[in-house]
Amino acid sequence: MEDDRLREGTIAEVGLDPEQRVFVRPTLGDFEHVYRAAMEVYWDKSSRRLSHPLAPRGFTPVQWFQQIVAAVADEYGVQLKLTKQTTWTAVPEDTRLAIEASA
């Protein structure tokens, strides 16, 4: 019987960049091929962050966070989790609370 459980990974940082794109920086790992999940999620090698294109499909920041986490789970079998140590960068409090509630 094959184990279908996802491996856990932690999120070091969640933020909004100057263009208001959500980004997620995992604590560990390299997700260079996350684009293969075909979910409009990309890996920025230099900043070691996952993000999405500028034209955000009308998604809310919460929906983009969920999309990023889902793409990593789909392509890598890793479930990224928020922790008490996760840093929040330029994320309004109401958005942060909504992301935490959705995670």
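We count residues from 1, following the sequence as given.
You'll find the side chain of I99 reaches within 4.5 Å of the side chain of W88, heavy atoms only. Taking 4.5 Å as the limit, every side-chain heavy atom of W64 sits out of range of all side-chain heavy atoms of Q20. At a threshold of 4.5 Å between non-hydrogen side-chain atoms, the residues L50 and F23 do not count as touching. A heavy-atom distance below 4.5 Å is found between the side chains of Q67 and F59. Annotation: side chain of V14 is in contact with side chain of F65 (closest heavy-atom distance under 4.5 Å). Considering only heavy atoms from C-beta on, V22 comes within 4.5 Å of L16 through its side chain. P26 places none of its side-chain heavy atoms less than 4.5 Å from the side chain of V72.
Between the CE atom of M39 and the CD atom of Q66 there is a distance of 10.5 Å, given to the nearest 0.5 Å. The CD atom of E8 sits 11.0 Å away from atom OG1 of T83, with the distance rounded to the nearest 0.5 Å. The distance from the OG1 atom of T10 to the CZ atom of R25 is 10.0 Å, given to the nearest 0.5 Å. Note that CD of E100 and OG1 of T95 are 11.0 Å apart. Values are rounded to the nearest 0.5 Å. The structure places CG of L82 at 9.0 Å from CG of L80, a figure rounded to the nearest 0.5 Å.
Nearest heavy atoms, A71 versus A37: O-CB, 3.9 Å. Shortest non-hydrogen contact noted between S51 and I68 is CA-CD1, 4.1 Å. A pairwise comparison of heavy atoms in V91 and R96 identifies CG1-N, 3.6 Å as the closest pair. In plain terms, the two heavy atoms of R36 and E75 that are nearest each other are NE-OE2, 3.2 Å.
In this structure a side-chain-to-backbone donor-acceptor pair under 3.5 Å is present from R7 to Y76. Judged purely by atom type and a 3.5 angstrom limit, R49 has no side-chain atom pairing as donor or acceptor with the backbone of Y42.
A search for salt bridge (charged side-chain N to carboxylate O under 4.0 Å, His left out) contacts involving D17 returns R21, not counting sequence neighbours.
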Can you check side-chain hydrogen bond (donor to acceptor under 3.5 Å, both in side chains) on T89 and E13, steps first, answer last? CA-CA 7 Å; T89 303; E13 180 183 16; 2.6 Å; yes
